[in-house]
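The first residue of the sequence shown is numbered 1, and numbering continues consecutively from there. One-based numbering, in listed order, for ligands and for the atoms of each. Note that the structure is predicted; figures quoted are calculated from it, not measured.
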Amino acid sequence: MPGTRAAKTHRQGLKPRVVDVYHARRRIESLVRRTPLRVSAPMSRLAGGDVRLKLDSFQDTRAFKLRGTGNAVLSLDASGARSGLVTYSTGNHGRAMVHVARRLGLPAVVCVSRRVPAAKVSALRSSGCEVVIEGESQDDAVAVARRLERERGLFFVDPVNDPAFICGHGTLGLEIVEDFPDVDTVVVPVSGGALIAGIALVVKHLCPRVRVVGVSMDRGAAMHASLVAGRPVEVEEADSLADSLQGGIGLDNRYTFDMTRRLVDEFVLVDETAIGRAIGFAFLRERLVLEGAAAAPIAALLYRDRGLFGKRVALVATGAMIDTGLLRNLVARHAAHVDELAQSSRGCHES
Ligand SMILES: *Cc1c(COP(=O)(O)O)cnc(C)c1O
């Protein structure tokens, strides 16, 4: 138990460094796949360049979050995580933590508010973790997780404010620059900002000329609102197809706000129609299942000013956790538009 506290306190003083990303890669090797960077023929045609998709939706939990969680947990000293892991997310972060806990034989606790739908709670339970239901909001769930960290000596897996988490995500940036050395622009969906901070840390160090572009939905994007305000702010949550991009960056944000402000070149917002069409485009033209957050970079490339992106572009496809009924509806609704778009690209190319 004391080990948990000591390990954490020690780590929180450290800033994320590129060398830590290399350490992270070795540490998480057995948990995390090196995912493909696949050329997109239809988007390359449309953009008149070389557009590739970094398919982290192919991780075992169908999202990239294993990188950060794996590194945060595996960099604890031997005693640090023995009593188990705790966090508060019902989404990709929570699932990644439970996956890592099971692989390491550790108990896992996920704290949720009473607002979380019963179906999500039972899905979590059947994944083999303990679910603690308390409070009315995500903020309450965070507070409960923090309390269990103290009371039970659990390790709190923090998806925003832990340098080890950010460096774990940085491994995705390493893979991109190694597999696509002449990339011009890397496009990354943003919520709390740990992913873009980790990627930008690596990319700006190894290839300073490469541009890093962040993308969020146009309503309720906490990082974007914070960048505009010049300090971390809270935003009102709105429904979005990009549900994995909802939530705040924390008023006590320690790293990701500052790193995003310093290292990210451009921030683009996309609307719900563009996200829906991008999900349809991915399915129909790429034969890929992507959730809204993961389709946001595609939406930006297809519907925002192409001048932002340059010729050689890597779009990070972060996850595949979309409800199948919703996917079916979106594909049906946007099929005609996606066809038209694809035709127009062929027309452009030939003329
Ligand atoms: C968590 C998540 C993001 C955003 O990552 P942050 O590090 O919170 O900015 C994007 N896409 C998917 C699928 C996610 O699960």
**Message:** Whether D339 and R285 form a salt bridge (side-chain N of Lys/Arg under 4.0 Å from carboxylate O of Asp/Glu) is what I want to check.
**Reply:** yes
**Item:** NZ/NE/NH1/NH2 to OD/OE distance under 4.0 Å, D140 and R115
**Value:** no
**Asked** Can R304 and E266 be said to form a salt bridge (charged side-chain N to carboxylate O under 4.0 Å, His left out), step by step?
**Response** CA-CA 12 Å; R304 298 302 309 261; E266 200 79 53; over 6 Å; no
**Message:** I'd like to know if E29 and R26 make a salt bridge, using a cut-off of under 4.0 Å between side-chain N and carboxylate O.
**Reply:** no
**Item:** R27 and D20 ion-paired at < 4.0 Å
**Value:** no
**Request:** Answer yes when R52 and D50 have at least one side-chain N-carboxylate O distance shorter than 4.0 Å, and no when they do not.
**Result:** yes
Enumerate, one pair per line, all nitrogen or oxygen atoms of ligand 1 lying under 3.5 Å from a protein nitrogen or oxygen, stating the separation to 0.1 Å; write 'none' if no such pair exists.
{"unit_1": "ligand 1", "atom_1": "7 (O)", "unit_2": "A194", "atom_2": "N", "d": "3.1"}
{"unit_1": "ligand 1", "atom_1": "7 (O)", "unit_2": "L195", "atom_2": "N", "d": "2.9"}
{"unit_1": "ligand 1", "atom_1": "8 (O)", "unit_2": "G192", "atom_2": "N", "d": "3.0"}
{"unit_1": "ligand 1", "atom_1": "9 (O)", "unit_2": "S191", "atom_2": "N", "d": "2.8"}
{"unit_1": "ligand 1", "atom_1": "9 (O)", "unit_2": "G192", "atom_2": "N", "d": "3.3"}
{"unit_1": "ligand 1", "atom_1": "9 (O)", "unit_2": "G193", "atom_2": "N", "d": "2.8"}
{"unit_1": "ligand 1", "atom_1": "11 (N)", "unit_2": "T318", "atom_2": "OG1", "d": "2.7"}
{"unit_1": "ligand 1", "atom_1": "15 (O)", "unit_2": "K65", "atom_2": "NZ", "d": "2.6"}
{"unit_1": "ligand 1", "atom_1": "15 (O)", "unit_2": "N92", "atom_2": "ND2", "d": "2.8"}

